[in-house]
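Notes to accompany the following structure.
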Number of protein chains: 2
Amino acid sequence: MKRQVFDCQPGCPVESTLQIISGKWKSVILYHLLQEKVCHFGSLQRQLVNCSRRMLALQLKKLEQDQIIEKITYQDQPFKTEYRLTLQGQTLKPVILAMAVWGEKYNRLQKNK
Amino acid sequence: MKRQVFDCQPGCPVESTLQIISGKWKSVILYHLLQEKVCHFGSLQRQLVNCSRRMLALQLKKLEQDQIIEKITYQDQPFKTEYRLTLQGQTLKPVILAMAVWGEKYNRLQKNK
DNA sequence: CCGCATCCCGTCCGATACTG
DNA sequence: CAGTATCGGACGGGATGCGG
């Protein structure tokens, strides 16, 4: 592993998780992949309205390098690619889900203000 | 709320959670507060060995503004401050715990490589 | 001990244009 | 449609020093 962005104590488990899912958009990408199983580059981009093409590609590549997602490219014209979670990536489900659940409750609280 | 760093779709729950817990060190801070109930500034800094004083203060302030933690200052010399989770902050427990659990498993996997 | 202000530099990231 | 290369401005975040 190259750089350790989050070394609190060596081996802090939260730190380890952050190595993988921190980074702009990563967890949101994972959230959509959890819901839809398979996503095209374009459909992801439509969901993440404020994420640039460049940024989306970068984050997808990192997730792929960490073996959280895998990519399948079809050479047809026009090109098409599919992204899906790996088995390893699916183990992140409880983490992403916990975030989604908390966020929903939080949104409801905010609305009543 | 001032800026929306993560607008995927408006109201995306994962995005809402990220508004609160994304940011360098925030979730690690919360992790320690969950374990120890009350932390002094200094003890937090000792845990987060690579977090500068400036950075720690900044993140604590943000968490305080979002009413996730609360601060108590004792005016004795030398100064002392205590941080603890608010009730609202305690609702983040499932999120942080899920991250910790995943990180532990991940660490064990890495060790066997 | 705790926390803020200032300075300053490295990186992130958006805009744009180009390729398969 | 999916992805890469390059550039330049914005911002994050470290170092340092001051003040409660």
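In the text below, chain A, chain B and the rest are named by the order of the sequence lines, each starting its count at 1.
Side-chain proximity of B/M55 to the nucleotides D/dG14, C/dG14, C/dC4 is greatest for D/dG14. Closest contact between the side chain of B/A57 and the listed nucleotides C/dG3, D/dG13, C/dC13 involves C/dG3.
The pair A/R84-A/E82 meets the salt-bridge criterion, since a charged nitrogen lies less than 4.0 angstrom from a carboxylate oxygen.
Remark: A/K62 is not in phosphate contact with C/dC12, judged by side-chain N or O atoms under 4.0 Å from OP1 or OP2. Put simply, B/T81 has a side-chain N or O that comes within less than 4.0 Å of OP1 or OP2 on C/dG3. For C/dC2, neither phosphate oxygen OP1 nor OP2 lies less than 4.0 angstrom from any side-chain nitrogen or oxygen of B/K71. Within the 4.0 Å cut-off from OP1 or OP2 of D/dG13, not a single side-chain nitrogen or oxygen of B/S52 is found. The side chain of A/K24 places no N or O atom within less than 4.0 Å of a non-bridging phosphate oxygen (OP1 or OP2) of D/dG12.
Rounded to whole Å, the distance from CD on A/E82 to P on D/dA2 is 10 Å. Look at CZ on B/F41: it is 7 Å from C1' on C/dG3, rounded to the nearest Å. C/dC2 atom C1' lies 10 Å from atom CG of B/L56, rounded to whole Å. We find that CD of A/Q75 is positioned 12 Å from C1' of D/dC1, with the value rounded to whole Å. Atom CD of A/Q59 and atom P of D/dG3 are 14 Å apart (whole Å). Look at NZ on B/K26: it is 11 Å from P on D/dG13, rounded to the nearest Å. Put simply, CZ on B/R53 is 12 Å from C1' on C/dA5, counting in whole angstrom units. Computed from coordinates, the A/Q45 CD to C/dG14 P distance equals 11 Å when rounded to whole Å.
Residue A/F79 is classed as a base contact, given a heavy-atom separation below 4.0 Å to a base.
Toward the 5′ end of DNA chain D lies the nearest nucleotide of A/Y83, the other residue of the pair B/L58 and A/Y83 mapping further downstream.
Among B/L30, B/L34, B/T86, B/L97, the one residue that satisfies the side-chain contact (heavy atoms from CB on, under 4.5 Å) test with B/L92 is B/L30.
Geometrically, B/K71 does not engage B/Y83 in a cation-pi contact, judged by NZ or CZ lying under 6.0 Å from the ring centre and within 45° of the ring axis.
B/C39 and B/L44 get closest at one heavy-atom pair: CB-CG, 3.8 Å.
With hydrogens and angles left out, the side chain of A/R54 and the base of D/dG3 share no donor-acceptor pair within 3.5 Å.
More than 12 heavy atoms of other residues, nucleotides or ligands shown are found within 6.0 angstrom of CD on B/E36.
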